[in-house]
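What follows is a set of notes on a single structure, which appears directly below.
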Number of protein chains: 2
Amino acid sequence: MYMSETFDAISEPLPRRVQAGLSKIAMVMRHEAWAQDGTRGLTPTQAQVLALLQARGAMRLSAIAAELAVKQPTASDAVTALTRKGLVEKQSVPDDGRARSIRLTEAGAAAAAGRTEWPDLLRTVVADLPEAEQAALLKTLTRMIRNLQQQGAIPVQRMCVNCRYFRPNAHAEAHTPHHCAYVDAPFGDRHLRLDCPEHAEADAALASANWQRFTTSPHTQEPGS
Amino acid sequence: MYMSETFDAISEPLPRRVQAGLSKIAMVMRHEAWAQDGTRGLTPTQAQVLALLQARGAMRLSAIAAELAVKQPTASDAVTALTRKGLVEKQSVPDDGRARSIRLTEAGAAAAAGRTEWPDLLRTVVADLPEAEQAALLKTLTRMIRNLQQQGAIPVQRMCVNCRYFRPNAHAEAHTPHHCAYVDAPFGDRHLRLDCPEHAEADAALASANWQRFTTSPHTQEPGS
DNA sequence: GCAATATAATTCGGACTCCTATGTATATGT
DNA sequence: ACATATACATAGGAGTCCGAATTATATTGC
């Protein structure tokens with residue numbers, strides 16, 4: 001659209017370069033995960049399972065697999081390893097004899113809590129961004145994650161934008177345009193959640209209307225560059 | 001600073017939520033990598049090696065390891081597998097008998113090219129973002145990557161912001177404020193490169209001055225929310 | 001009610017990732 | 001030349017991933 005035929009002609013397309021950048025970030029995260037969890041005797045996958053169970057409580061194996069975007073055998077491997085390490089335990093579920101509910105042991109809860117405390121490298125890098133940029137990044141990630149959900153690439157997340165209590169752009173205040181009907185309080189992009197414990201799924205019509213209203217926010221139109 | 005004591009009090013800190021979002025994106029990338037490269041008989045790491053060699057030409061093993069943020073033995077494993085598959089080959093380097101130069105074979109170049117064509121899921125998700133948001137994301141990623149470099153977490157990248165030819169905010173035009181002295185043309189955030197073939201490293205003083213000028217751009221100050 | 005089918009999880013085999021520790025050349029400093 | 005440093009390879013071990021086959025329940029159709 002705008003400008004600089006030179007650069008538009010000779011560069012990789014913008015989405016490709018953005019993807020390359022995300023790749024590098026992903027690489028650092030993987031590396032950090034090995035380095036950090038490794039000292040605690042965990043692999044990255046195992047740490048993810050612990051984090052998931054910490055956030056969500058007891059889960060079935062198939063739910064864990066879906067949430068981590070791996071196949072069941074892989075999730076089973078990880079859970080087996082964690083069981084051997086005494087960090088999780090399996091219980092049978094009353095109404096379904098095939099299923100097993102997996103939950104943290106006390107040691108597992110402690111390990112999961114310990115992990116969240118440590119200010120890891122990527123978190124400090126994000127924290128070093130100007131706050132407005134962090135908020136913008138969060139909003140962009142929200143957009144991408146919703147898109148991924150709609151393509152069926154990941155299960156539906158417990159995000160504000162999927163929530164029955166979400167009222168996007170309900171207020172005039174620029175810093176807190178949204179409203180959460182659950183806690184009955186205004187909030188802004190910087191408060192958006194990707195995994196809210198109070199989440200209640202909105203029906204399709206509401207979700208779609210909310211999304212429309214959310215993404216046509218005045219703040220979304222900035223001068224491109 | 002601004003507003004909503006409620007949400008600031010009850011939420012995870014913003015950087016943590018952003019990190020969680022990046023995690024989900026990283027998860028999707030890993031999953032996609034398995035699914036996509038898997039059909040071509042490659043693992044994600046192997047695909048990364050091919051992509052790296054495609055972008056950079058022949059490299060030494062230690063350079064590959066550094067670039068992928070893994071230890072040498074891991075890189076060696078991957079290269080061995082690729083050699084067996086006939087996609088790369090090793091040559092000895094004239095001036096150093098210990099080193100080996102690794103480069104793509106013809107089949108390897110074809111495989112690497114094939115990979116880049118396919119419009120993978122994450123690329124389409126990025127492409128679905130409003131263009132201004134893609135540009136903002138690219139700039140944010142640039143910031144993060146530079147920060148990671150300075151912490152020594154990744155090797156110095158061939159990015160505009162590290163380049164001798166970079167003239168940030170040299171123009172008044174809002175869409176193309178920067179200037180590349182190599183091709184002598186103005187460009188904008190949306191043209192920023194993370195791995196430019198024409199890159200030439202700037203000395204420390206210039207890099208630092210450029211960074212200052214780049215990050216205090218008028219566009220960086222938007223109303224937070 | 002009971003075979004036919006579907007689903008939750010496990011197990012198996014195989015290729016690979018990732019690590020640390022060690023070995024084998026070759027380079028470099030003194 | 002001799003010690004030390006470097007580039008890479010190899011070995012061994014836990015774990016990640018997968019697809020395919022198993023086992024143990026559910027659910028469904030007659």
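Because the structure is a prediction, the values reported are computed rather than measured.
Regarding A:Asp95, its CG atom lies at a distance of 21 Å from the P atom of D:dA24, rounded to whole Å. The nearest whole Å value for the distance from the CG atom in A:Leu68 to the C1' atom in D:dG15 is 15 Å. Between the CG atom of B:Asp77 and the P atom of D:dG12 there is a distance of 14 Å, rounded to whole Å. Between the CD1 atom of A:Ile102 and the C1' atom of C:dA8 there is a distance of 10 Å, rounded to whole Å. What separates CE of A:Met59 from P of C:dA8 is a distance of 14 Å, to the nearest Å. Atoms CD1 (A:Ile64) and P (C:dT10) sit 10 Å apart, rounded to a whole Å. Between A:Asp37 atom CG and D:dG15 atom C1' the separation is 13 Å, expressed in whole Å. Rounded to whole Å, the distance from CZ on B:Arg30 to P on C:dT17 is 15 Å.
Contact check for A:Arg164 versus A:His199: no side-chain heavy atoms found under the 4.5 Å cut-off.
For A:Tyr182 and A:Phe166, the ring centers sit 6.0 Å or farther from each other.
Comparing D:dT16, D:dG15, C:dT10 against the side chain of A:Pro73 picks out C:dT10 as the nearest.
Of the side-chain N and O atoms in A:Arg84, one or more sit less than 4.0 angstrom from OP1 or OP2 of D:dG15. For C:dA9, neither phosphate oxygen OP1 nor OP2 lies less than 4.0 angstrom from any side-chain nitrogen or oxygen of A:Ser76. Between A:Lys71 and C:dT10, a side-chain N or O to OP1/OP2 separation shorter than 4.0 Å is absent. Remark: B:Gln46 is not in phosphate contact with C:dA15, judged by side-chain N or O atoms under 4.0 Å from OP1 or OP2. For A:Lys90 and C:dT10, the shortest distance from a side-chain N or O to OP1 or OP2 is below 4.0 Å.
The residue A:Thr74 sits close to a base: some heavy atom pair falls under 4.0 Å. Residue contacts shown for A:Thr43 are limited to sugar-phosphate atoms, with no base heavy atom under 4.0 Å away. Within the 4.0 angstrom heavy-atom criterion, no nucleotide atom of any strand lies near A:Pro44.
Salt bridge present: B:Asp195 and B:Arg56 bring a charged side-chain N and a carboxylate O closer than 4.0 Å. A:Arg190 and A:Glu131 are joined by a salt bridge, as a carboxylate oxygen and a charged side-chain nitrogen come within less than 4.0 angstrom of each other. Contact check on B:Arg103 versus B:Glu89 returns a salt bridge, with a Lys/Arg side-chain nitrogen under 4.0 Å from an Asp/Glu carboxylate oxygen.
Both A:His31 and A:Val79 lie close to DNA chain C; mapped to their nearest nucleotides by heavy-atom distance, the more 5′-ward contact belongs to A:Val79. Each of A:Ala81 and B:Ala63 lies near DNA chain D, and the nucleotide nearest B:Ala63 is the one positioned closer to the 5' end. Nearer the 5' end of DNA chain D, as judged by each residue's closest nucleotide, is the contact made by A:Lys85, out of A:Val93 and A:Lys85.
Under the rule for a side chain to side chain contact (heavy atoms under 4.5 Å, CB included), A:Ala51 has no partner lying at least two apart in sequence or in another chain.
With A:Leu68 as reference, A:Leu52 is the one residue of A:Ile154, A:Thr74, A:Leu52 to meet the side-chain contact (heavy atoms from CB on, under 4.5 Å) rule. Only one option out of A:Leu42, A:Leu104, A:Leu53 pairs with A:Leu87 in a side-chain contact (heavy atoms from CB on, under 4.5 Å); it is A:Leu42.
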Between the protein and nucleotides 4-7 of chain D, list the N/O to N/O atom pairs that are separated by less than 3.5 angstrom.
{"unit_1": "D:dT6", "atom_1": "O2", "unit_2": "B:Arg98", "atom_2": "NH1", "d": "2.6"}

